[in-house]
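Each remark here refers to the structure printed beneath this line.
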Amino acid sequence: MPEPLALKDHSGESRVFFERAVIGFGVLIVLTLILVARLFYLQIIEHEAYATLSDKNRIQVEPLPPVRGLIYDRNGELIADNVPTLNLTITRELVSDLEVTLDRIDALIGLTVEERESFHRRLKRRHRPHEPVPVRFKLSPEEQARIAVNEYAMPGVQIEARLVRHYPKGEMMAHALGSVRRINETDARSLDPVSYSGTNHIGKIGVERQYEAALHGTVGHKRVETNARGRVMTELERIEPVAGRNLILHVDSLLQRAAIEALGDRRGSIVAIDPASGGILALVSQPSYDPNLFVTGIAYDTYSLLRDSPDTPLFNRALQGQYEPGSTVKPIIGLAGLVTGMVKAESTISDPGWFRLPNEARLYRDWNWTASGMGGHGEVHFQKAIYRSCNVYFYGLAVKLGIDRIDEYLGLFGFGQDTVLDLPEARDGLLPSPVWKREYRGQPWYPGDTVNIGIGQGDMLVTPMQLATMASVIANRGKWIMPRMLKTPDELLPPPSRPMADVDLVPDHVWDEVIGGMEKVVHRGNQVFGENGTAWAYIGQDINYRMAGKSGTAQVVGIKQGEEYHEEELDERQRKHAWFIAFAPVDDPQIALAVLVENGGGGSSVAAPVARAVIDFYLENQYQVAGVRP
Amino acid sequence: MSRDFVRRLPDSNFVFERTAGIGDKLHVDVITVVLLLLISAYGLLILYSAVGQDQNALMSQVIKLGVATTVMFVMAQIPPFVYMRLAPWLYLMGVGLLVATYFFGYEANGSKRWLRVPGLFGFQPSEIMKLVIPMILAWYFHERHLPPKNKHVFWALVMMLVPATLIFLQPDLGTAIMICASGALVLLLAGLSWNLIFGAAGAVVLAAPAFWFVLRPHQKDRIMTLFDPERDPLGTGWNIIQSKTAIGSGGLSGKGLFQGTQSHLDFLPESHTDFIIAVLAEEMGMVGVVTLLILYILLMGRGTIIAIQGQDTFGRLLAGSITFTFFVYVFVNIGMVSGILPVVGVPLPLVSFGGTSILTLFAGFGILMSIHTHRRIML
C-alpha cells in the first residue's frame with residue numbers, strides 16, 4: 001500500500017509533542033493534587049476518627065475474672081471453694097490439622113463424639129485464632145500425664161489451669177447450698193456482659209443463686225496492645241479484679257451429716273432451724289446428687305439418669321416438696337381454739353372413734369377407729385388431744401372455728417406463703433380457703449373440708465421448711481424470726497418481701513398448754529394403754545432433755561414420677577409419709593425441726609426417732625449433754 | 001557515536017553549541033540520578049521501618065538497588081538507535097515468551113506469571129513488556145507521519161493489546177493495565193486527535209459494564225470493595241480499611257518513624273510491598289507523603305524535559321511514555337492504598353520491596369538517560 005510520499009514535518013511533530021508533554025505534565029500535577037486532597041481528607045479532616053480506629057485495632061481490653069467468694073458453714077468449715085482444674089485446650093492458630101490433632105487426643109484420653117461436637121461449637125464462638133479453646137474439662141491425673149508426655153508432638157495442645165467452683169461436701173450439701181452451672185445462652189442474654197466477661201459460671205440454685213451478686217465479685221481488666229492476630233504484645237494498664245464476698249452460713253455441716261445419717265437410705269427431708277436466730281442449721285433432702293458434676297458440664301446420660309430416677313434426687317424436697325401436713329398442724333388448730341375460747345384447756349369431749357357432721361351420714365374416723373366400735377380415745381381434754389393426736393377433738397374444734405379463723409391462724413405461722421429470706425426456690429405450699437377452692441376447683445367449700453383441715457388433711461400442702469418454721473415459731477412462743485441461710489455478712493441478707501408479724505395475741509397460758517401438749521407427745525409415758533404420748537415409746541423413754549414434738553402422717557395422693565413405670569414399687573410408694581416436728585430443750589429452745597420420711601408410715605414410729613437423733617446430735621455438740629444415747 | 005559539532009540554523013544567527021559535559025560523556029543525567037538516589041534512599045528508610053527494622057531485608061533491597069543502578073548505567077551507554085532497531089525483535093521475543101508463559105509458566109498464588117530458565121532463574125516476561133511496548137510503539141510511529149492516522153492507531157492498538165491480553169489471562173490485571181497505559185501514553189504523546197481521545201474515553205465508560213463480565217470474581221470483589229469496604233471487612237475490605245486507618249491515624253506529622261502501630265502490629269497487610277505508602281503515611285504523616293510526592297514530581301519533571309528535548313520521534317515518545325508511565329504507577333498505587341481506586345497489584349515505584357519492578361524502572365531511566373545524552377543538538 002504505497003502512500004503518497006510526504007516529508008516528515010519534524011518541527012511540527014516536535015511542537016505537537018511539546019504541547020502534549022506539557023498537557024501531560026499538567027494532568028500529572030492535577031492528579032497529584034487529587035492524591036494530596038485525598039491525603040488531606042484522610043489525615044487531617046478524618047484524622048480523629050482513624051486515630052480512634054487505629055487504637056481500637058491494637059488496644060484490647062481483656063477481662064480479669066474475679067475469684068468467686070468462698071462459703072463457710074457456722075463452724076468455719078469450707079463448704080464451697082474454688083479449686084484449680086486442668087482443662088485440655090487447643091489453640092487453633094498453632095494447629096495445622098485440627099482433625100488429626102483431635103484424633104491423637106482421642107487415642108490418648110478418648111474423646112466422645114459429643115465432646116468433639118461441643119469443641120467445634122466453642123471454636124466457632126471464639127473468633128481469635130490465638131485463644132485456647134477447651135476440649136476436655138477436668139483432666140484426671142492419668143489423663144494429664146498422658147497428655148503431658150505427648151504434648152511435644154501436638155503443637156497447640158495445652159493443659160490450662162482454671163479456678164472452678166468445688167463443693168467439698170459433695171452431695172451432702174447439694175440441696176442446702178445450691179450450685180453454680182456453666183453460663184448458657186439464656187443466662188448470657190440477661191447478664192451484664194462486662195461484669196461476666198471472664199466468668200464461665202453463675203450461681204443457679206440456692207444460696208449460690210441468692211447471693212450471686214456478692215459471691216461473683218467485681219471483674220477487673222487489663223488493656224493490652226495486640227497485633228492483628230490478637231496476640232498480646234504489651235500490657236498497658238491493669239485493674240485487678242475484686243474477689244467475691246465470702247459468706248458464712250448458719251448451716252452446720254456436722255449436723256447436716258448427722259441428719260443424713262439419721263435418715264439413712266430413706267427418701268425424705270429434714271429442716272432444722274435455730275429458733276433464736278432463724279438460722280437454718282440443716283437442710284436435708286434425700287436422695288441427693290453431687291453438685292460438682294454440674295459445674296463443668298455434666299454428661300448427658302449421667303444427667304438423664306439423675307433426672308429420670310424415680311427417687312428424684314435433683315428435687316429439693318425441703319423447699320419444693322409439698323405434702324399434706326397431717327396431724328402436725330393440730331397444735332395450731334388447738335391454739336386457735338384456746339385463743340378464741342372455742343375450747344377450754346380443761347374441758348373434755350368424748351371420742352367414740354368417729355365424728356359426724358350434723359345432717360351428714362359420712363363418718364370422719366379417728367386414727368384408732370375400728371369397725372367393731374372399740375376405737376376412740378374416750379374422754380379427751382386439750383393436751384390429751386395433742387399427745388394422743390385425737391382426730392375427733394380437732395374435727396369438732398375445726399367446725400367450731402370455721403375455715404376463716406383456721407386459715408387466719410395457720411397463716412400466722414407462715415403457711416401458704418414463703419417466709420424464707422434467702423432461698424429463692426422455697427415454695428408457698430397451699431393454704432386452702434373457700435375463695436381458693438371456688439377459683440381453682442370451681443367448687444364451693446363444704447363443711448367437710450373444714451373438718452379435714454382440722455387434722456391437716458384435704459387440700460392443704462406444706463413444705464418441710466414451712467413445718468420447721470412453724471416449730472421454730474412455737475418454740476419462740478410466737479416470736480417470728482424468718483428462716484435464713486446467711487449468717488454473715490448480714491447486710492447482704494435480703495429484706496423480707498412480706499415481713500411476718502409476731503403471733504402476739506396468744507396469752508402465755510395458751511402457749512403453756514400447747515407446748516405442754518407437745519412435750520407430752522414425747523415425754524408422757526409409763527401410763528395405761530392409750531394414755532402415753534404417741535412418740536414416747538419410740539423416743540421418750542431414755543431422753544435426758546425436754547423435747548416438744550408432734551407427729552403426723554400424710555396420705556399419699558400421688559407421686560409425680562415413677563409410679564406408672566414401676567408397678568412393683570406401687571405398694572411402697574403408696575404408703576403414708578411420716579412427719580415429725582419438734583424443738584428442744586423446751587425451756588430454752590436451741591433447735592426446731594421438721595422431719596419428713598417419704599412413704600415412711602407412722603410419724604411417731606418412723607420420723608420421731610430421726611428427729612430425736614438429729615436433736616441429740618445437735619444438743620450434744622452444743623452443750624455436751626451427758627448421757628445422751630449416741 | 002557522539003560527535004561534537006555546531007549547527008547553525010539557516011535563518012537565524014542563533015548558535016546551538018554542543019557543550020558536552022562530563023555527564024554527557026558518561027551518558028549520565030546528573031539530575032535524574034540524584035533524584036533517583038534521593039527517592040531510593042527515602043524508600044529504603046520507609047522499607048526499613050516496614051520490614052520491622054530487619055537489616056537482612058534492607059540489605060537485600062540495597063543489593064537489588066545496586067544491581068538495578070548498574071543495569072541503568074549500562075542501558076544508558078547503548079545509543080537510542082540500537083533500541084529502535086532492536087524494538088521489533090524485542091517485541092516478537094516478548095510476545096513469544098508470553099505465549100510460552102501461557103503454556104509453560106509456573107503458577108504462584110493462582111496466576112501463571114513466571115517463566116523458569118531450568119536450573120538458573122525465573123523471570124516475568126510481562127515485566128519486560130513494560131519497556132518493550134513503549135519501545136515498539138515509539139518505533140512504529142517514528143516511521144510514520146504524526147499525528148497518527150487512524151489505521152496506524154489501529155495497528156498500534158493491536159500491537160499493544162496482544163501482549164496485554166496475554167498478561168490479562170495470566171491473570172495479572174495490574175500489569176496488563178500498566179502495559180496498556182504505557183502504550184496509550186505513546187499514542188497520546190504522538191498527537192492522537194482529541195476527538196479520538198475523548199471518543200475512546202467515552203467508549204471505555206460505555207464498555208465498562210461489558211468489561212465487568214470479563215473480570216474474575218476476586219477482581220469484581222476488589223471493585224465492589226472500593227465503593228464499600230465494610231461489605232466484607234474481614235475479607236476483601238480488610239486491606240483497604242486497614243490502610244485507610246493507617247493513613248488517617250498518621251495525621252499531619254505521623255506517629256514517628258518505626259512507631260506505626262498499624263504496620264508493626266501486622267494490621268496492615270502487604271506493608272512492605274504494595275501498601276508501603278500507608279507505612280510512610282502512618283509514621284511520617286502527610287508531611288512525609290507530600291515530600292515523597294514532590295520528589296516524584298521533580299523526577300517526572302526532569303523526565304518530561306528530557307522527553308521534550310528529545311531529537312527524534314522515537315526518543316521523544318519513548319522518554320515521554322517512560323516518564324508518564326512512572327507516574328501512572330505512583331497514582332494507581334497511592335490511589336489504591338488510599339481507597340480511591342480499586343486494589344490492583346501495583347507497587348510503589350522505587351519504594352516497595354521487590355527486585356523485578358525496581359529493575360524495570362531503573363532500566364527505563366537508563367533508556368531515558370541514553371536518549372538524553374546521545375543527542376546531537378543540545379538545547
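Every heavy atom of this structure was used, including side-chain atoms; hydrogens, water molecules and symmetry mates were not.
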Tell me, for B:Ile197 versus chain A, whether the close heavy atoms (under 4.5 Å) come from the side chain, the backbone, both or neither.
side chain

Can you tell me which portion of B:Phe331 sits under 4.5 Å from chain A's heavy atoms? Options are side chain, backbone, both or neither.
both

Against chain B, work out which of A:Leu53, A:Ile29, A:Val36, A:Leu35 has the most heavy-atom pairs shorter than 4.5 Å and name it.
A:Leu35

Which of these passes side-chain contact (heavy atoms from CB on, under 4.5 Å) with A:Thr32: B:Val290, B:Ile297, B:Val330?
B:Ile297

About how many Å separate CZ of A:Phe25 and CD1 of B:Ile308, when rounded to the nearest 0.5 Å?
9.0 Å

Looking at A:Phe18, I want to see if its CZ is surrounded by more than 12 non-hydrogen atoms of other residues, nucleotides or ligands under 6.0 Å.
no

For the interface with chain A, which of B:Glu282, B:Met286, B:Gln262 has the highest count of heavy-atom pairs at distances below 4.5 Å?
B:Met286

Contact class of A:Tyr41 relative to chain B, heavy atoms under 4.5 angstrom
neither

Taking A:Gln43 for the side chain and B:Gly250 for the main chain, is one N or O donor matched with an acceptor at less than 3.5 Å?
no

Chain B shares the most heavy-atom pairs under 4.5 Å, among A:Val27, A:Val22, A:Val16, A:Leu31, with A:Leu31

To the nearest 0.5 angstrom, please state how far the OG1 atom of B:Thr313 sits from the CZ atom of A:Phe17.
9.0 Å

Okay, B:Leu185 and chain A: the region with an atom under 4.5 Å from a heavy atom over there is neither

Does a side-chain heavy-atom distance below 4.5 Å link A:Tyr50 with B:Ile247?
no

State the NZ-OG distance between B:Lys255 and A:Ser54, to the nearest 0.5 angstrom.
3.0 Å

Would a 4.5 Å heavy-atom cut-off, applied to side chains only, mark B:Thr261 and A:Glu225 as touching?
yes

Which of A:Leu42, A:Ile44, A:Leu28, A:Leu39 touches chain B most, by non-hydrogen pairs under 4.5 Å:
A:Leu28

Go through the atoms of B:Ala246 and report whether side chain, backbone, both or neither lie under 4.5 Å from a heavy atom of chain A.
neither

Toward chain B, the part of A:Ile45 with a non-hydrogen atom under 4.5 Å
neither

Tell me, do A:Glu13 and B:Arg316 make a side-chain contact under 4.5 Å, heavy atoms counted?
yes

Specify which of A:Glu48, A:Glu19, A:Arg20 makes the most heavy-atom pairs with chain B at under 4.5 Å.
A:Arg20

